[in-house]
Amino acid sequence: NLTVANLTGADLSGAILDKANLTRANLTGADLSGANLIDGKVSPEQLAQAKSLAGAIMPDGTLHE
């Protein structure tokens with residue numbers, strides 16, 4: 001549970017965040033490249049603030065290019 005966590009600029013590349021609750025977490029500048037976000041609770045607006053999503057597995061199971 002990472003609800004309301006301040007993850008500004010965090011290096012979360014390759015992190016296993018499947019089913020993680022990221023509701024209202026600050027992802028500004030976070031590196032989520034290669035992260036597994038399957039079934040995670042995170043909004044498109046939060047993901048848009050991330051530095052990188054390259055190769056991340058999105059909450060819906062699709063691979064971000």
Going from [atom1] on [X] to [atom2] on [Y], what distance comes out if it is rounded to the nearest 0.5 angstrom?
X: Asn36; Y: Leu12; atom1: CG; atom2: CG; result: 12.5 Å
X: Asn1; Y: Lys41; atom1: CG; atom2: NZ; result: 9.0 Å
X: Lys19; Y: Leu37; atom1: NZ; atom2: CG; result: 14.0 Å
X: Ser33; Y: His64; atom1: OG; atom2: NE2; result: 11.0 Å

Practice task
Give the intermediate values and the outcome of side chain to side chain contact (heavy atoms under 4.5 Å, CB included) for residues Asn26 and Val4.
Solution key: CA-CA 7 Å; Asn26 185 345; Val4 196; over 6 Å; no
Handout entry: Main-chain N/O of Gln46 paired with Gln49 side-chain donor or acceptor, under 3.5 Å
Key =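 No; judged by distance alone, with no hydrogens or angles, the pair does not exist.
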Do the non-hydrogen side-chain atoms of [X] and [Y] ever get within less than 4.5 Å of each other?
X: Asp31; Y: Leu53; result: no
X: Leu22; Y: Leu7; result: yes
X: Asp18; Y: Asp39; result: no
X: Thr23; Y: Val42; result: no

Practice task
Kindly work out whether a path of hydrophobic side-chain contacts (I/L/V/M/F/W/Y, heavy atoms less than 4.5 Å apart) joins Leu27 to Ile38.
Solution key: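 Shared cluster, no.
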Handout entry: Considering all heavy atoms, the nearest Gly40-Pro59 contact
Key =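 Result for this residue pair: O-CB, 3.7 Å.
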Problem - Met58 vs Leu47, side chain to side chain contact (heavy atoms under 4.5 Å, CB included): CA-CA, chis, key distance, verdict - result: CA-CA 9 Å; Met58 305 306 284; Leu47 293 174; 3.4 Å; yes
